[in-house]
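Below is one structure, written out as structure tokens; the observations come after it.
As a basis for the values below, the full set of heavy atoms in this structure was taken, side chains included, without hydrogen atoms, waters or symmetry mates. Numbers restart at 1 for each chain; the letters A, B, ... are given by sequence-line order, proteins then strands. Quick caveat: nothing in here was measured; it's all calculated off a predicted structure.
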Amino acid sequence: MTPSSIPQASPAGLSAFMDRRHFLRTSAVAGSGLYLATSKSALAQGQAAGRNVKCALVGCGAQGDRLRVAASKIASGIEWVAVCDIWKYNRSPVARRMAFENKHQVSGAVKEYETLEEMLEKEPQIEAVFIATPDHLHAPFSRLCLEKGKAVYCEKMMSNTIEGARDMVRAWKQTGGIFQIGHQRHSNPRYIHLREKIIKKGLLGRVTHCYGQWNRGVAASQPLGVPKNQEIPAAMLAKYGFDSMEQFRNWRWFAKYGGGPISDLGAHQIDMFNWMYETTPISLFAAGGVDYYDGTPGPDGSPKAKFELPDNVMCLYEYKTKDGTMRAYYQVLTTTGSQGYYEKHMGVAGSAIISESPSYNQVYAEPSNDWSAYATGDNPILVKAPDAVKNKFWEHPRSWAKPPPKSYNVSGTAKAVADARESKALDPWEIPVILDVYPHTPHVANFIEAVQRKSHEHLTCNVVDAFKSCVTVLTAYECLKSGQKHTFTPKDFEV
Amino acid sequence: MKKIAPSLLLLSLALSSCGEKKDAAPAAAASSAAAPAAAAPSAPAGDQEEIKIDFPKPMFIGTPVPAQLPNLEKPDPSKIVKSFMAPKGTVNLAKGKTVTSSDPAPIIGDLTLVTDGDADGSDGCFVELSPGAQWVQIDLGAPSTLSKIAMWHYHKQAQAYVDVVVQVSDDKEFKTGVTTLFNSDHDETLKIGAGKGGDPAYIETNHGRVVDAKGVKAQFVRLYSNGNTSNEMNHYCEVQVFGQAAGK
């Protein structure tokens with residue numbers, strides 16, 4: 001990436017995604033792969049459009065670096081000033097990579113700080129802080145930044161505790177300002193299209209069930225080691241609450257710092273149940289536990305990892321929508337990668353499958369629902385699935401060109417029974433929106449837009465809404481402890 | 001990143017530790033465009049001893065990712081240099097010696113890792129330099145008679161480094177008296193006066209690559225690379241320079 005590749009004009013904000021013809025490509029800026037944070041409306045209003053916001057990143061681990069990479073695709077509006085992390089091993093590479101991969105967002109060397117306190121003291125010009133630390137630091141760090149008058153983009157999960165998240169809302173109420181939470185699907189044009197153009201318009205009919213899953217296999221769930229000679233001094237670890245270098249590296253699996261897979265992976269998708277239907281659940285039953293990573297010998301005889309938080313969790317939510325009861329099942333499994341991660345919305349007229357992964361991008365009409373009209377005009381809501389993807393998911397039976405497997409080649413009584421019980425095949429369609437920048441890019445861009453406009457209302461995932469999702473997710477732990485169904489009350493979601 | 005061949009070569013990489021011992025490095029065909037600092041003396045005939053390379057543990061197994069370079073060699077376990085004969089008293093002269101670089105502020109790690117005697121490919125054991133053509137240089141402290149140079153780039157994943165050139169000189173600026181010992185810059189992308197290289201690109205493994213220094217006398221060793229087949233970054237886990245210090 002070179003500065004010369006950065007376009008100087010052609011504004012396009014989130015709103016511009018919604019009215020394009022055919023498949024929308026969200027980068028689409030002169031083929032550069034860059035994304036403009038400043039929308040047409042902002043330009044029209046003359047609201048400091050294109051102004052660079054001086055930004056800093058605290059927490060330079062995998063998620064922090066992902067934010068940096070996502071931000072690198074934004075053409076204008078960001079100026080990286082400093083990064084902060086107690087671990088130089090992570091901090092310095094991020095600062096250095098900004099000089100190469102975020103070159104258009106850097107003027108001079110990006111400064112490095114070990115602590116947030118020092119960074120805020122020595123870099124008063126910082127206007128916005130991205131927080132991507134372990135979860136237990138989100139609440140104190142965001143409060144510190146807000147009290148210093150900084151805008152905050154804080155990664156999800158808001159906190160490892162509901163009280164921590166509640167304090168984040170309180171901090172925002174006490175200080176004002178801009179406070180975005182990193183549920184990036186809220187800014188994903190494909191998700192927005194599904195919510196605004198398909199679900200809200202009733203294409204799926206009454207949605208009675210939702211399903212979501214994030215399945216991640218054992219190989220991708222192994223503990224992280226400590227690189228040679230890269231220990232953080234014990235006093236520094238202790239200052240930020242870490243008991244050991246091993247726990248610092250694997251904080252996601254310990255209640256003191258994180259929320260486990262149901263929080264790390266599930267939060268995004270459970271949040272989608274709330275967001276799509278603009279409500280919160282009325283009850284929850286959850287089951288799960290440390291089913292695998294218990295330190296006992298694994299298949300090869302060597303001890304498996306030993307984690308504290310549940311590795312497999314299943315949640316069953318009940319919602320009351322304007323159309324009636326809706327139940328939503330969610331599972332996170334860290335012992336299999338089967339079928340990856342996606343969400344599914346099932347209505348009596350059709351179903352939609354969606355994911356950040358472009359593999360899942362289909363809508364299926366139930367028999368007798370003709371959706372042809374939705375595929376016409378300049379801005380079609382749907383497009384017909386090409387033959388090549390007709391059989392991408394199991395909704396549509398495969399027309400086996402090759403000899404079918406034995407299980408498929410039934411006849412006689414077995415076939416008759418199968419036919420009697422099966423529904424007719426659903427009609428496959430595609431959501432005509434493609435996101436070809438990083439999934440976090442539009443969300444970061446939305447945050448920068450909000451800072452430029454000084455408008456908290458412009459955020460697609462403000463701290464108040466995110467808090468409700470945090471309660472929705474972390475309450476699963478109450479169910480695991482009690483073994484009982486939890487009935488939500490309005491007070492659960494209040495601050 | 002360098003031009004790549006249109007045809008895709010899917011490598012079948014064997015990590016077997018067995019194989020015929022070979023004294024000669026597989027890429028000993030030095031292409032010395034620059035005049036050597038000193039006439040490369042013949043290696044002493046007598047009082048030889050076997051020097052064994054201390055290989056780190058292998059860091060990857062299974063099917064490697066496809067790598068595409070026009071001069072990429074087909075992996076041949078029989079060509080792995082596991083040991084070599086050298087005059088008695090030959091040691092790793094580079095261990096603990098000062099390293100400088102065209103990128104004085106590496107992205108990951110620091111330059112001391114190049115000569116810390118540890119070729120391990122684990123996290124914390126390698127230095128990552130900026131994208132594009134970069135070099136590291138080792139000051140041996142005094143002109144020394146060199147037998148072999150062993151180098152390990154990042155060997156945790158199957159990738160080949162582009163435009164690898166190894167040069168020695170008594171001039172720390174490498175303007176005069178430069179001898180090129182290894183050169184896989186087949187189309188002279190680097191333009192450092194080393195000419196078109198005749199040595200192959202190769203997939204990194206824990207066996208690294210051992211270059212024949214042919215008894216040349218020099219104080220400085222400089223190693224170039226120009227990204228790799230996975231990304232534009234440059235890495236070193238370790239460089240070991242086997243030889244005898246001045247006066248020996």
A quick test of your reading: do over 12 heavy atoms of other residues, nucleotides or ligands sit less than 6.0 Å from [atom1] of [X]?
X      : atom1 : answer
A/K304 : NZ    : yes
B/D76  : CG    : yes
A/R249 : CZ    : yes
B/K97  : NZ    : yes

State, to 0.1 Å, how close B/G124 and A/Y89 come at their nearest heavy-atom pair, and which atoms those are.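 In terms of heavy atoms, the two residues are closest at N-OH, 3.2 Å.
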Minimum heavy-atom separation for A/P93 and B/I108, please, with both atom names. CG-CG1, 3.6 Å
Is any NZ, NE, NH1 or NH2 atom of the basic residue among A/K228 and B/D120 found under 4.0 Å from an Asp or Glu carboxylate oxygen of the other? yes
Going by an N to O cut-off under 4.0 Å, is there a salt bridge joining A/R96 and B/D103? yes
How long is the straight-line distance from CG of A/N229 back to CG of B/D123, given to the nearest 0.5 Å?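 One finds 12.5 Å between CG of B/D123 and CG of A/N229.
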In Å, rounded to the nearest 0.5 Å, how long is the span from CE of B/M233 to CZ of A/R97? 5.5 Å
